[in-house]
Enquirer: 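Quick one: structure below, then a few questions.
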Amino acid sequence: MGHDPSDTSVTGATWAAVEATGGLLKSAGLFSFAMSLLAARQVTGLFYGPAARASDAFDDVTRAMQDHLSGPVRTAFAVGTNLQTGVVDAAFNLAGMGPRGKGPSGPTSGLTIPLAAGATRRMSGVKMVASGALDRPVPQAELVQRLTEYRDQAAAAGADRERTVTSLWKSEGLSTSIGKHLGADNTLNDPRLPRAALPIAHVGFGSGSTEALVFDVAGLDARFSERCAPEFRGFSYEGIGAILRMYERGFFKVMSGTLGLIRLDAPDGPDPGGFFAAYLERFGSDIRRLITHGYGRIVAFSSLSIYDAVREATTFPPERIEPAVHGAGFAFAFMNSGDMPRILQNSAIPFEPDVRAAFQNGLIYGLTFFEQYAPGLLAGWKPTGDLEAELIEHARAEAALNVLRGYPLPFRLQNPRG
C-alpha cells in the first residue's frame, strides 16, 4: 500500500510512522502496538499488583519488549511507544482496521472474526488461564477441590460452550502451578480427581513442568512417568509445544509474561533450527506429534487470523503440518466457542485437502473435548447447515468411542477425516 499524496487526512509524519512499521501487523500478531499505552498499563497492573506504580511497571514491560524484539518489529515498537494515541489510531484506520474491526475478506472470509473481537478473545483466553494459576505450591487436597469445582461449574451450565471453556482454561492454569511448584504430594494419578478434568489438567501440568525444568527431556520424561495418570500422559507432552512457542522472542512472549502466564524474564527456548529438529529428535514420533500440536495451538493464539495461523503451519516440515494445523483448529474452537455453528459450516478452508482435513479434525476434537468435560453439549446440538451437521455427527461418533474406551485419545481422533 503506497502513500497517496492527495490524501490529506493524515500528516506526512503519520504516514512515515505507518510506513516505518512495515509488516508489524502480521509480525507482531495480537500484541502489536494496536494495544495502546493505557491498555498496556492496565495489563501490567494484573502482573505487578496495585502496590506497584503503573509508570514503573510499564517501563519494565517496555524494556522487556525491547530486549525480546529484533529487526523491523523492534523498530516499529520503538516508533509505537513514542506516537501519540491519535497517530496510532490514524495508522490503523489507514490499514482498514479502525474501531469497526477488519472486514471479512480473503480466502477464509467465512471464518473471519472482527479484529477487536478476535483480539479480545485471545487476550481473554490468556488472562483466563493465568487467572487459574497460583504463584505458589498447591497442596493435593486443594488441587482436587479446585479442579472439582471448575468441572462442576461447567456441568451445571449444561450446553453452554463458553462457560465450559472458561472452566477448562482455569483448570489448565491451576495445573500449570503444579508443574511450576511441584509438591511431594502432587500427582494427577489420584482417584479423587474428576476424570473429566484429567486431559486439560495434564496439558497444564506439562506446560508448567516444561518451564520449571527448562525443557529438560530426561527430567520431563521422569516427571510425567511418576506423576501422570498413564492413559492421560500424552496430554502433558502437548504442553511442551505450547511453551516452545511462548518462549520464542516476540510480542506474544512478552505479553504472556506480563499477564503472568509465563515468566516475564523467561529464557530463550531450545534451538528453533529446522523446527526444533535437535530438540524433537530426542522424543519418539508420537510425542513429536503431540509437541507440534501444542506449538500449533499457540500459533493460533499468536496470529492475527486463523488463515495466518494455518498458512504459517504449512511452512513447517511436512511431517509437522498436520499436527500444527490440528492444534490451530483446536485452539480456534476454544477461542470462538460461541461461533462454532458458523465456523463448522465454513470450515472447508481453501488449502490442500490434507490441510483442510487437519483443520476440521481439530475443530471436531475441540467439540469432543468439550463433551468429555461437560457431557450433553452434542446431544442437544441442532445443526442448520449440511457441513455443520456432518461435522457434528462425526464429533458425536468420536465422543461415543471415547466413552467406550474410557478416555479420549491425546489430541487425535480414532477415525479422522481424510
Side-chain angles (χ1 to χ4, degrees), residues 111 113 121-122 124-125 128-129 132 147-175 193-204 232 234-235 238 242 293-294 296-297 300-301 306 326-345 347 359-384 387-417:
L111 299 178
I113 305 298
R121 291 172 185 181
R122 286 172 170 82
S124 295
M128 199 62 66
V129 174
L147 287 180
T148 301
E149 288 176 353
Y150 293 149
R151 195 273 172 193
D152 289 348
Q153 289 168 7
D160 189 324
R161 295 186 297 276
E162 294 180 84
R163 289 181 65 178
T164 295
V165 168
T166 295
S167 292
L168 282 164
W169 270 333
K170 287 184 176 179
S171 298
E172 181 182 358
L174 176 64
S175 302
L193 289 169
R195 193 168 179 84
L198 290 181
I200 196 66
H202 279 75
V203 170
F232 296 97
F235 289 94
E238 201 263 2
H293 187 282
R297 176 163 58 91
F301 270 95
I306 188 60
H326 191 289
F330 175 77
F332 196 64
F334 262 63
M335 287 185 285
N336 304 288
S337 58
D339 288 327
M340 279 301 289
R342 173 172 68 87
I343 289 170
L344 293 172
Q345 186 61 26
S347 63
F359 176 69
Q360 291 177 323
N361 287 332
L363 296 177
I364 293 169
Y365 192 90
L367 292 173
T368 66
F369 207 84
F370 300 160
E371 177 70 19
Q372 191 268 343
Y373 190 69
L377 180 148
L378 293 175
W381 196 300
K382 294 180 171 52
T384 59
L387 182 54
E388 178 194 359
E390 180 182 337
L391 298 181
I392 288 296
E393 282 306 310
H394 196 148
R396 287 170 176 161
E398 288 288 336
L401 290 171
N402 288 345
V403 172
L404 288 175
R405 191 185 308 107
Y407 58 90
L409 299 174
F411 294 108
R412 65 181 176 89
L413 303 175
Q414 181 169 320
N415 299 303
R417 292 172 69 86

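Residue numbers count from 1 along this sequence.
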Enquirer: With no hydrogens and no angle check, is any side-chain donor or acceptor of Q345 less than 3.5 Å from a backbone partner on L387?
Expert: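 Between the backbone of L387 and the side chain of Q345 there is a qualifying donor-acceptor contact (under 3.5 Å).
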Enquirer: Parallel, tilted or perpendicular, judged at 30° and 60°: which one describes the rings of F330 and F411?
Expert: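 Perpendicular, since the angle between the ring planes exceeds 60°.
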Enquirer: Kindly give the heavy-atom pair with the smallest separation between Q153 and R163, and that separation in Å.
Expert: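 Q153 and R163 have their closest heavy atoms at O-NH2, 4.2 Å.
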Enquirer: What closest approach, in Å, do L363 and S347 show between heavy atoms, and which atom pair accounts for it?
Expert: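 Where L363 meets S347 most closely, the heavy atoms are CD1-CB, 3.7 Å.
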Enquirer: How many angstroms lie between CD in Q372 and OH in Y365, if you round to the nearest 0.5 Å?
Expert: 8.0 Å
Enquirer: Please examine the side chains of S175 and L147, heavy atoms only from C-beta on, and report whether any two atoms are closer than 4.5 Å.
Expert: yes
Enquirer: Could you list the residues that satisfy ring pair (Phe, Tyr, Trp, His ring centres under 6.0 Å) with F359, not counting sequence neighbours?
Expert: none
Enquirer: When rounded to the nearest 0.5 angstrom, what distance separates CG in L409 from CG in N402?
Expert: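 It is 6.5 Å, given to the nearest 0.5 Å.
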Enquirer: Are any of the side-chain heavy atoms of F232 and P408 separated by less than 4.5 Å?
Expert: yes
Enquirer: What are the two closest non-hydrogen atoms of E238 and V203, and how far apart are they?
Expert: OE1-CG1, 3.7 Å
Enquirer: To the nearest 0.5 Å, how far apart are CZ in R121 and CZ in F332?
Expert: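 So the CZ of R121 and the CZ of F332 are separated by 8.5 Å.
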Enquirer: Check whether any side-chain heavy atom of Y150 sits under 4.5 Å from a side-chain heavy atom of P194, and report yes or no.
Expert: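 Not in contact.
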Enquirer: Is there a side-chain contact between W381 and L367 (heavy atoms, below 4.5 Å)?
Expert: yes
Enquirer: Taking N361's backbone N and O only, do any of them form a donor-acceptor pair with H394's side chain (distance below 3.5 Å, no angle check)?
Expert: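 Looks like no, no N/O pair under 3.5 Å.
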Enquirer: How far apart are the closest heavy atoms of F370 and A333, and which atoms are they?
Expert: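 Answer, listing the atom of F370 first, then A333: CZ-O, 3.9 Å.
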Enquirer: With rounding to the nearest 0.5 Å, note down the distance linking CG in N415 to CD in E398.
Expert: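 Reported value, rounded in 0.5 Å steps: 5.5 Å.
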Enquirer: Working to the nearest 0.5 angstrom, can you tell me the gap between L377 CG and D160 CG?
Expert: 9.0 Å
Enquirer: Which heavy-atom pair separates R161 from G338 by the least distance, and what is that distance?
Expert: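 What the structure gives for the nearest pair is NH2-O, 3.6 Å.
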Enquirer: Give the minimum heavy-atom separation between L378 and E371, together with the two atoms involved.
Expert: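 Scanning both residues, the minimum pair turns out to be N-OE1, 2.9 Å.
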Enquirer: In sequence, state the C-alpha distance, the side-chain angles, and the governing distance for E390 and Q360, and then conclude on side chain to side chain contact (heavy atoms under 4.5 Å, CB included).
Expert: CA-CA 11 Å; E390 180 182 337; Q360 291 177 323; over 6 Å; no
Enquirer: What is the distance from atom CZ of F369 to atom CD1 of I364, rounded to the nearest 0.5 Å?
Expert: 16.0 Å
Enquirer: Ignoring hydrogens and geometry, is there a side-chain-to-backbone donor-acceptor pair from R122 to A300 under 3.5 Å?
Expert: yes
Enquirer: For Y373, enumerate each residue passing the ring pair (Phe, Tyr, Trp, His ring centres under 6.0 Å) test, keeping only those at least two apart in sequence or located in another chain.
Expert: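 Y373 satisfies ring pair (Phe, Tyr, Trp, His ring centres under 6.0 Å) with no residue once adjacent residues are dropped.
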